[in-house]
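Data block below; observations after.
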Number of protein chains: 2
Amino acid sequence: MHPLWVALPLCLALCIPLQAEIYTALSELEELLETESVLLRTLHQYISDQEHRILLLKKHAEDYEKEHSIASRDVTNYLSNPINDYLLVKRLTSDWHKTEKLMQDPHYETAMRNLTQYRELLKFPTDEDLTGAATALIRLQDTYKLDTASVARGELNGIQYSTQLSAGDCFELGRQSYNGQDFYHTELWMNEALTRHEQERSNSTVRWEILEYLAYSTFMQGNLKKSIRFNY
Amino acid sequence: MHPLWVALPLCLALCIPLQAEIYTALSELEELLETESVLLRTLHQYISDQEHRILLLKKHAEDYEKEHSIASRDVTNYLSNPINDYLLVKRLTSDWHKTEKLMQDPHYETAMRNLTQYRELLKFPTDEDLTGAATALIRLQDTYKLDTASVARGELNGIQYSTQLSAGDCFELGRQSYNGQDFYHTELWMNEALTRHEQERSNSTVRWEILEYLAYSTFMQGNLKKSIRFNY
């Protein structure tokens, strides 16, 4: 383990506001990992329920489509048969009621009910905890004069210690800095978010939002020329 | 075209109650086919929106899973890194908010709003129309002494004129007869529904429901012995 990480608990105890200290104890962070594993199980169950529901809806669509295309081939002949007339009226009444019921997704309510229970039983971090964790990381960056791009790569002195940050992770660090009126770090992290946004395929961020933060934070630091550039 | 089908409009005009006559005109039945094609487009769009949503949720689950499994390999080492701590808290706050929002399916509301508009603009049959269409078919069966199994196969004198009826289609004819207190035809069509239920893979009907209708309709016709058999 890198000496910097070993020294971290002391550093955190000295630097981070009280609200963020909740999760400095290892045991409490471990509880968050347990929460995450429960959320993951819920999410997987929800996805599997949805896939089953979509499969049933596809079967409905296929059945309608099959009969509808037979009818379309020779409408007059099809509709002169009372069995077909009954089937057509049935498709648009009792069959369609069932389809609409299936579109109403009962699994969302179940998942939300479970999640409400978990929120009472498990440890869940709040938005304030997120602010605390972001502030802790940015203070560490300052104290050890860490380069933003390196931190974003999860690197220290060229060695990778954690997963790379996504554009969204960098954006959140910029947004947290902005909320704390720290426009210097807003600019640093939004710049990093922009670089990563251009490289990423899955867009976890929105380009114009990053540019808005960049324009405002550079303006607030008195760099009007740079600020105007971000507006175009 | 079979002469029976040619003679049908006259037969319908003589036999079917007023409420069912709405859809004896070919042009009106054609309008129902148009309604069906609009509903089909809505259903296909809804399914495609859902598939896209599920794909995004799977991407979320994959991202959580990837980081969570790295953490699980060596919890202490993972949590002693402040970048990881920030990422963990972020996953359980801002990332999870986005996941929950995606679970809340915005497409259902859109589809329902469209369907409400269609109900104002297009011709939609009512439950009474379904009763009318079912009654017309059953009266035709009586007038021409048609065998239930043959009608269910869409056959007349051994020639197939329409799609086969499913267990659900037969069940609906039985249910409509039951609602009209016509227990003789309830028994005929529920028996056919039961036969087809045993053969079908996709269960459009529920066995015990069919048996309940059979028990009650045979009882009401005075066949207590048969009725008891359906209860076991």
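In what follows, chains are A, B, ... by sequence order, proteins preceding strands, each numbered from 1.
- Both the backbone and the side chain of B:Q104 have a heavy atom closer than 4.5 Å to some heavy atom of chain A.
- Per-residue counts of heavy-atom pairs under 4.5 Å with chain A were compared for B:D95, B:T35, B:N84; the largest is that of B:N84.
- To the nearest 0.5 angstrom, A:S80 atom OG is 10.0 Å from B:L29 atom CG.
- Scanning both residues, A:L40 and B:A61, for their nearest heavy atoms gives CD2-O, 3.8 Å.
- In this structure, the portions of B:L39 lying under 4.5 Å from any heavy atom of chain A include both its backbone and its side chain.
- Looking at A:L88, the atoms closer than 4.5 Å to chain B (heavy atoms on both sides) all sit in the side chain, from C-beta outward.
- With a 6.0 Å radius and a threshold of 12 heavy atoms from other residues, nucleotides or ligands, A:H52 has its NE2 atom at or below the threshold.
- With a 4.5 Å cut-off on non-hydrogen atoms, A:H97 touches chain B through its side chain but not through its backbone.
- With a 4.5 Å cut-off on non-hydrogen atoms, A:L130 touches chain B through its backbone and its side chain both.
- By the 4.5 Å heavy-atom criterion applied to side chains, A:L92 and B:D129 are not counted as neighbours.
- Atoms OG and OH, from B:S162 and A:Y86 in turn, are 11.5 Å apart once rounded to the nearest 0.5 Å.
- Here A:E65 is the residue among A:E30, A:K66, A:E65 with the most heavy-atom pairs under 4.5 Å with chain B.
- Under the rule for a side chain to side chain contact (heavy atoms under 4.5 Å, CB included), the partners of A:T99 that lie at least two apart in sequence or sit in another chain are A:L57, A:H60, A:Y64, A:W96, A:M103, B:L43.
- Smallest separation of non-hydrogen atoms from B:V75 and A:L33: CG1-CD1, 3.8 Å.
- Chain A forms more heavy-atom pairs under 4.5 Å with one residue of B:I54, B:D169, B:T163 than with any other, namely B:D169.
- Neither the backbone nor the side chain of A:L56 has a heavy atom closer than 4.5 Å to any heavy atom of chain B.
- Most heavy-atom pairs under 4.5 Å with chain A, from the set B:H68, B:H107, B:Q50, B:E51: that is B:H68.
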Show every donor-acceptor pair shorter than 3.5 Å between a side-chain atom in residues 113-121 of chain A and any protein atom, with sequence neighbours excluded, or say none if there are none.
residue : atom : partner : partner atom : Å
A:T116  : OG1  : A:M112  : O            : 2.8
A:R119  : NH2  : B:E100  : OE2          : 3.4

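- Here the closest heavy-atom approach between residue B:T93 and residue A:P125 is recorded as CG2-O, 3.5 Å.
- Atoms CD1 and CZ, from B:I83 and A:R153 in turn, are 11.0 Å apart once rounded to the nearest 0.5 Å.
- Going from atom CG of A:L137 over to atom CG of B:D85 covers 9.0 Å, rounded to the nearest 0.5 Å.
- Interface summary for chain B: among A:H44, A:E109, A:K58, the most heavy-atom pairs under 4.5 angstrom belong to A:K58.
- Looking at B:E28 and A:L79, their side chains never come closer than 4.5 Å, going by heavy atoms from C-beta outward.
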